[in-house]
Enquirer: 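Can you read through this structure? Questions will come right after.
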There are 2 protein chains.
Amino acid sequence: MTESVWFGKPKSGGGQHPGLSRELIVRKAVEMLDEHGLGALSMRKLAAQLGAAPMSLYWHVPTKDALLELALDHPFSELEPVDEGVTWDVAARGLMHSMRMIALRHPWWVKLVGSYMTVGPNAVAMADGMLKVMRDAGMSVVEASRSSSALSSFVIGFVGAEVNFNANGAVDQIDVSKLHSLYAEKFPYYAETMAEAELWSVDKQFDFGLECVVAGIRASVGALR
Amino acid sequence: MTESVWFGKPKSGGGQHPGLSRELIVRKAVEMLDEHGLGALSMRKLAAQLGAAPMSLYWHVPTKDALLELALDHPFSELEPVDEGVTWDVAARGLMHSMRMIALRHPWWVKLVGSYMTVGPNAVAMADGMLKVMRDAGMSVVEASRSSSALSSFVIGFVGAEVNFNANGAVDQIDVSKLHSLYAEKFPYYAETMAEAELWSVDKQFDFGLECVVAGIRASVGALR
DNA sequence: TCCGTTCTCGTACGGTGTAAGTTGCTCGTA
DNA sequence: TACGAGCAACTTACACCGTACGAGAACGGA
């Protein structure tokens with residue numbers, strides 16, 4: 001969290017061969033999370049991958065939760081910066097698509113977003129960028145805040161479900177299809193939807209929702225440059 | 001998940017005094033989750049609360065994950081049914097507000113929504129109700145599906161952040177305010193927002209986003225009765 | 001009476017996060 | 001050159017977790 005403390009206090013003085021560092025640990029953690037998922041990451045395994053003893057990590061990181069909070073901020077750096085001079089809705093679409101891509105690349109990331117406060121430098125940089133675009137478009141502080149909240153709420157909710165489906169949906173498919181036939185007469189509208197749903201494009205579903213929010217913002221907010 | 005299997009196979013025959021049952025276990029689990037949160041629930045503690053040995057639970061429930069999946073479906077039953085004869089947007093607003101209330105009552109619920117497939121009877125009943133309203137309003141199957149997806153994605157994303165903030169925001173407030181002063185000159189728009197944000201109503205923020213999605217749906221969908 | 005079924009329980013294993021204390025290295029200084 | 005100071009890694013140990021396995025208790029039907 002407080003990365004600045006590190007840079008502000010190099011703490012001159014002696015020491016054993018460092019070999020380990022917070023950045024190195026976080027990077028390896030992200031790598032392992034990408035490969036084997038959230039449930040497979042333990043301090044012991046992480047230490048093993050780093051060729052260190054488990055407890056050695058605790059010198060650089062106070063707790064596993066803190067480590068995850070640091071890891072959570074990492075993928076935010078993959079966000080493509082907004083182009084200069086585009087309208088707020090174009091910038092918003094770009095950022096939100098970028099967020100979705102991050103989530104699909106790092107499935108663990110979505111779950112962590114809902115479990116920790118996202119106040120890391122990269123996350124805040126993104127929020128700041130989004131807010132800037134909207135303020136520049138003429139929105140008030142409240143309008144900009146609420147608009148970006150609406151956008152990112154939708155995206156996080158959507159990709160949360162999407163990632164979850166990618167992980168569990170395929171595995172439980174047999175059970176799910178059984179369930180659907182059970183529910184068929186009791187929940188006809190649900191059944192009707194599920195019967196067709198496999199053919200639809202998830203990308204278009206995402207774009208539909210995103211467009212809804214964008215259109216809604218445009219309609220709800222007053223003067224837009 | 002397959003509650004029907006239970007009712008379909010009463011399996012006549014002798015047996016020891018039951019004293020325990022899946023429904024009882026799930027109910028107690030929900031109760032403990034409400035009281036102490038997701039991290040505080042263990043099979044051992046749950047068994048203790050039920051006056052049983054830890055392993056006794058495993059006769060009624062195959063695994064802890066399955067138990068959580070059952071618990072996840074439980075709060076969906078608290079949804080207030082949609083009134084007959086209202087327009088789709090009124091029904092949608094009602095259901096989404098109802099969902100938010102569930103999330104605020106059961107903070108653990110939001111996190112589980114993102115971790116398990118929500119195909120329990122109560123969850124499906126809600127989805128079916130939402131879809132019915134929209135189909136009756138003249139939407140096509142795809143339109144109804146995408147609209148309700150957009151709505152619930154927003155709500156889940158929003159309440160996820162809200163619940164997360166309620167849990168962690170207050171605790172880390174000192175650190176967060178420190179951070180904000182650190183970020184002040186680097187992220188002016190973010191800082192500008194945070195300086196005012198405390199005064200705003202979360203309810204209004206939610207309503208703003210919800211209204212965006214509703215308006216967006218109305219604009220994007222063709223014939224609406 | 002005996003058997004089969006249903007349910008509960010005791011034991012044990014491998015795994016987890018991490019508190020506490022120990023060791024050894026490298027340095028600035030004397 | 002010798003020496004404390006401090007940093008960074010390691011070892012040990014504890015409490016707790018989910019749950020595989022198997023034994024045994026209570027019941028209904030034959």
Enquirer: Quick one: list whatever passes ring-ring contact (aromatic ring centres under 6.0 Å, His included) with A:His74, sequence neighbours left out.
Expert: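 Per chain and number, A:His74 pairs via ring-ring contact (aromatic ring centres under 6.0 Å, His included) with no residue.
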
Enquirer: Provide, to the nearest angstrom, the distance between the CG atom belonging to A:Leu67 and the C1' atom belonging to C:dT16.
Expert: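 One finds 15 Å between C1' of C:dT16 and CG of A:Leu67, rounded.
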
Enquirer: Go through residues 28-40 of chain B and report each residue with a non-hydrogen atom lying under 4.0 Å from DNA chain D, sorted by number.
Expert: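 None, since no heavy atom is under 4.0 Å.
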
Enquirer: With a 4.0 Å cutoff (strictly under), does any side-chain N or O of A:Lys45 reach OP1 or OP2 of C:dT16?
Expert: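 Checking C:dT16 against A:Lys45, a side-chain N or O does come within under 4.0 Å of OP1 or OP2.
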
Enquirer: Taking Watson-Crick and G-U wobble pairs with both distances under 3.5 Å, convert DNA chain D into its dot-bracket string, 5' to 3', dots for unpaired and | for cross-strand pairs.
Expert: |||||||||||||||||||||||.|||||.

Enquirer: Locate the shortest heavy-atom distance separating A:Trp108 from A:Pro75; write the atom from each residue and the value.
Expert: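 Looking at all heavy atoms of both residues, the shortest contact is CH2-CG, 3.7 Å.
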
Enquirer: Please list, for nucleotides 23-25 of chain D, all pairs of protein and nucleotide N/O atoms separated by less than 3.5 Å.
Expert:
| unit_1 | atom_1 | unit_2 | atom_2 | d |
| --- | --- | --- | --- | --- |
| D:dA25 | N3 | B:Gln16 | OE1 | 2.9 |

Enquirer: Write down the protein N/O and nucleotide N/O pairs, taken from nucleotides 9-13 of chain C, whose separation is under 3.5 Å; answer none if there are no such pairs.
Expert:
| unit_1 | atom_1 | unit_2 | atom_2 | d |
| --- | --- | --- | --- | --- |
| C:dC9 | OP2 | B:Ala53 | N | 3.2 |
| C:dC9 | OP2 | B:Ser56 | OG | 2.9 |

Enquirer: Between B:Arg100 and B:Asp203 (salt bridge meaning N to carboxylate O under 4.0 Å), is one present in this structure?
Expert: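 Counted as a salt bridge, because a side-chain N and a carboxylate O are separated by less than 4.0 Å.
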
Enquirer: Starting from C1' on C:dG15, measure out to CG on A:Leu41 and report it in whole angstrom.
Expert: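 In whole Å, C:dG15 C1' lies 14 Å from A:Leu41 CG.
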
Enquirer: Over how many whole Å does the gap from B:Lys64 atom NZ to D:dC16 atom C1' extend?
Expert: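 Rounded to whole Å, this separation is 11 Å.
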
Enquirer: Between A:His60 (NE2) and D:dA8 (P), how many Å, whole number?
Expert: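 After rounding, the gap between these two atoms is 7 Å.
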
Enquirer: Could you pull out all residues at least two apart from A:Phe206 that satisfy ring-ring contact (aromatic ring centres under 6.0 Å, His included)?
Expert: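 Applying ring-ring contact (aromatic ring centres under 6.0 Å, His included) to A:Phe206 gives A:His97, A:Phe154, A:Phe158.
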
Enquirer: Under 3.5 Å, is there a donor-acceptor pair between the A:His60 and A:Glu23 side chains?
Expert: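 Their side chains do not contain a donor-acceptor pair, so the 3.5 Å distance test is not met.
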
